[in-house]
Structure formats: C-alpha cells, structure tokens
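Because the structure is predicted, anything quoted here is derived from the model rather than measured. The chain is numbered in sequence order, starting from 1.
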Amino acid sequence: CLSASGRLAEAETVLRRALALQPGHVRGWFNLGKTLIEADRLDEEFLDAWLVFPGPTPPLVRAAAIRHVKRSPGYCSLLQDRDGAGGTGQMDLESAPAREFLTHRILYRLLRQGIVDDLDLELLLTDVRRSILLSVDDPSSMLDFLCGLAELCFHNEYVWAESADESEAADRLAARVDECLSGAGAATAAEVALLAAYRPLHRLVNRGDLLKQRHEIEGYARILRQQIAEPDEESAMVDAIPRIGTITDPVSREVRAQYEENPYPRWRDPPRVETRSVEVALTGLFGYLRQADVDWPETPRVLVAGCGTGHQSVMSALRFRDCSIMAVDLSLASLAYASRKTREAGIEGIEYAQADILGLGEIDERFDLIESTG
C-alpha cells in the first residue's frame, strides 16, 4: 500500500523489516525489488542477493540486472571498441574496461540464469566469445566468465550466430580437446570451458575422462555436470520411457527430430506455486468455473499433452493436491530431461510416456483434467 501510494522510502523500510523476520519470503523479495526499482535505488548488493535466491528468477529481476550491466563502464567501453573495429567483432579484451566487464559479478549471475533476453547484450556477448576464440592465446584468466558463458550457451541451445572462420576454429578446438583427453596432451580448464560455449561437451568421444579429474573451481565442475554427467544420465533413461502408439504424421516426426536434438527449454528450478485442491486451483485461474456445474474430483487424474522438458507437469504436480499425472511428448530426449528433473525435485506421481497428441485416442484411459499449453 505504501509503495502504491508513492511512499517508497517507507515501503522500503517496512519490506526490509519483513524480510529480516522471514528471509525466505518470495513475495517480500519481489515487492522490495520492485520498490527499489521504482525509487531508482536498486544497488548491486541487492541484485546479487536476488539473483542467487532459490527458485526461478522473475523477468522483473532479470530486466533490472541487464540494465545494471549495460550501465557499467566495461559494457560501454566494449561497445565502442567493437564499433571502432569496423564490425569485425575483434576487441581488446586485455584492457581495464574489458576486464571490468568480464569479471562483472551481476553479469556472471545473469549468464548462470540461462536467459539473456536483450538483443544488444546478446550481440556483444557473441562478439566477445568470438574474440576470445580467435584472438586470445591463453584464456585462463577468463575462466569464470567462460564457465558462465558456457552455461548460457548450453541453455540457449547454441543458437548464437557463428562466422565461417569461427566455426572452423571451434571444430579444431573440439578435435584438440578430444585428442588431449585420449592421452595426447593436456587441455586446460579454460580451453574446455571455451569449447563448452560453442559445442556441448557430451559430444566429445572421450568426455568421461573429464569427469574423472578433480575440479576445485565450482563453475567449471558445474558445466561438466550439466554438459556431460546429466546428458549421459538422460541417455541411459531413454530406453525405460514407455511408448504409446507410433509417430507417423510427417510434421510430428519433424518436430520430434527438432526436440531430440534440442530438448528445450532446459530449466533449473521448479516453479513456486501453492498446492490446492483442483477446485480451488482452477476457479482461481478461471473465475467462470465458480458458477459451472462441475463434479470436482478429490484425487484428479491429469494428462499433460505435450509436456516438453517437464516444467509444466512438475508445476501441475505442485499445484493440484493429491493428483496423479500422465505427461506425454514426442521427444524422448525431452522426456528423459523431464524425468531427471522431476526426480531431482523429489516429486512423485508423474508418469512420462512418448506419444503424439494427434494419436492420444490410443490411450485407454479417461482424465479429469487435460492441459496443453505453450
């Protein structure tokens, strides 16, 4: 109420007191951040704490973090450097402003989020990646930045543009790292992290040898886990996923192939939703159902038709009390990712199966609720 009436300083005081009493209160964090943004008082310390807060990061937080990074001297200097290079993307990454950008704490937190939905920042990061690959002989001093960049590129499915010489250099780097892993030398952590920003490490023939090494740098160990251990675990789960019917439709087969290569989106944390009865949850979402003649089930059976990587099915399992869920998708890679993340979140009551939504008549079952969104 204080914030809505423009009394921002008083609102900040009350909200900080509330968070001192209950530090994990999600809505309190959100309201305090929103108040600080409106008062133009959002500082780096608060942003840093907000970006490591458990659970999904709200778009409001991500947007504030991006604005903060784009105001930094390093970002502005690198933009000028890039533009002065005639659009070649070759930048001086040894300069003090460049170092400020590459070690920016909030930028590193952003990269770890897996989403940078700002065109200018994305283009600059693309050029920085290219400059490191083509112009930096020893990127060891940039290891933390490269680890964050590798996380971002893995989560965005390596969608960034590559020039021809860049692609050739990345392929050479992959061959050299694989050769080193076979015993023909030693690849540095920075080389592996740089490769991970261009190609997923689980495609390396000798990737298992990387996991056998001890890694004291937390960010480096994390990309090895994300890009090798977890995909290998998912590959081992594929054969156990039930198949319902056959996928014969030409478009469905093309869609399946797309998501087998890129199980999107790779999500980190389960959503935060309140667990309620199906009646309370659905009438809260769709008010007109309060007047509808509905026989509300106490233990709803739910079908998620097109569950992708499982975020929707996990959200349903958390939202509807005492429910059981069947979640189907075309892609086995997506379903394996969904199964692993569901188990990781400690959630039970979800059955995953491969099926085409065009052929769901082959499921010999009825459901209280069917979800198909996105």
Side-chain angles (χ1 to χ4, degrees), residues 26 55-56 230 233-234 236-249 251-253 255-256 258-260 263-374:
V26 179
E230 291 175 356
E233 181 184 348
E234 291 159 20
M237 300 169 73
V238 164
D239 289 341
I241 296 173
R243 277 73 159 174
I244 299 174
T246 56
I247 301 172
T248 58
D249 181 81
V251 175
S252 295
R253 293 168 73 94
V255 172
R256 176 194 169 187
Q258 170 185 320
Y259 285 105
E260 296 292 11
Y264 180 86
R266 299 182 191 269
W267 51 280
R268 295 193 320 157
D269 300 308
R272 288 180 173 270
V273 293
E274 291 187 46
T275 302
R276 298 173 173 176
S277 69
V278 67
E279 178 180 5
V280 172
L282 288 184
T283 53
L285 290 170
F286 311 106
Y288 62 86
L289 288 177
R290 293 188 184 93
Q291 284 76 45
D293 182 16
V294 178
D295 183 14
W296 296 105
E298 293 184 6
T299 56
R301 179 68 168 152
V302 180
L303 172 67
V304 180
C307 66
T309 50
H311 195 267
Q312 177 72 22
S313 46
V314 166
M315 182 163 62
S316 297
L318 294 172
R319 172 179 284 153
F320 302 122
R321 183 180 298 130
D322 299 326
C323 71
S324 63
I325 294 174
M326 173 178 281
V328 301
D329 197 79
L330 289 166
S331 163
L332 289 169
S334 297
L335 290 163
Y337 188 95
S339 298
R340 181 180 64 78
K341 293 296 288 183
T342 300
R343 185 169 62 192
E344 181 184 293
I347 294 171
E348 300 178 352
I350 303 178
E351 309 162 40
Y352 288 103
Q354 185 190 41
D356 187 348
I357 60 172
L358 300 180
L360 288 186
E362 297 186 37
I363 298 180
D364 186 21
E365 189 175 351
R366 296 186 66 81
F367 298 88
D368 299 298
L369 176 67
I370 297 176
E371 296 188 18
S372 189
T373 65

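Looking at residues two or more places apart in sequence or on another chain, you find a salt bridge (Lys or Arg N to Asp or Glu O under 4.0 Å) between R340 and E230, E234, E344. Taking R268 as the reference, nothing meets the salt bridge (Lys or Arg N to Asp or Glu O under 4.0 Å) condition, with sequence neighbours excluded. For P265, the side chain to side chain contact (heavy atoms under 4.5 Å, CB included) partners are T309, not counting sequence neighbours. Legend: residues meeting side chain to side chain contact (heavy atoms under 4.5 Å, CB included) with Y264, ordered by chain and number and at least two apart, are E157, Y259. Partners of Y288 according to the side chain to side chain contact (heavy atoms under 4.5 Å, CB included) rule, which considers only residues two or more places apart in sequence or in another chain, are F286.
A distance of 11.0 Å separates SG of C307 from CE of M326, quoted to the nearest 0.5 Å. How far CG of L330 is from CG of D249: 9.0 Å, rounded to the nearest 0.5 Å. Between E365 atom CD and L360 atom CG the span is 11.5 Å, to the nearest 0.5 Å. Put simply, CD1 on I325 and CE on M315 are 10.5 Å apart, with the number rounded to the nearest 0.5 Å. The structure places CG of L332 at 5.0 Å from CZ of R256, a figure rounded to the nearest 0.5 Å.
Minimum heavy-atom separation, T283 to E279: OG1-O, 2.7 Å. The two residues A333 and E260 make their nearest non-hydrogen contact at N-OE1, 2.8 Å. Closest of all the heavy-atom pairs between M237 and S339 is CE-CB, 3.4 Å. The heavy-atom pair separating D329 from S334 by the smallest distance is OD2-CB, 4.0 Å. For T275 against R321, the heavy-atom pair with the smallest separation is O-NH2, 3.3 Å. Scanning both residues, V304 and S316, for their nearest heavy atoms gives CG2-OG, 4.3 Å.
Side-chain atoms of V294 and L282, non-hydrogen and from C-beta on, never get closer than 4.5 Å to each other. T299 has its side chain out of reach of S324: every pair of non-hydrogen atoms, C-beta onward, lies at least 4.5 Å apart. Side-chain contact check for P297 versus V278: some heavy-atom pair is nearer than 4.5 Å.
Other residues, nucleotides and ligands contribute only 12 or fewer heavy atoms inside 6.0 Å of the CD atom of E274. Within 6.0 Å of CZ on R253 lie no more than 12 heavy atoms contributed by other residues, nucleotides or ligands.
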Task: Pair T373-Q312, side chain to side chain contact (heavy atoms under 4.5 Å, CB included): steps then yes or no - done: CA-CA 8 Å; T373 65; Q312 177 72 22; 3.5 Å; yes
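Here R319 does not pair with E371 in a salt bridge; the nearest charged N to carboxylate O distance is not below 4.0 Å.
Pairs passing the side chain to side chain donor-acceptor pair (under 3.5 Å) check and including a residue from residues 345-363, sequence neighbours excluded, read S252-D356, R301-E351, S313-Y352, T342-Y352.
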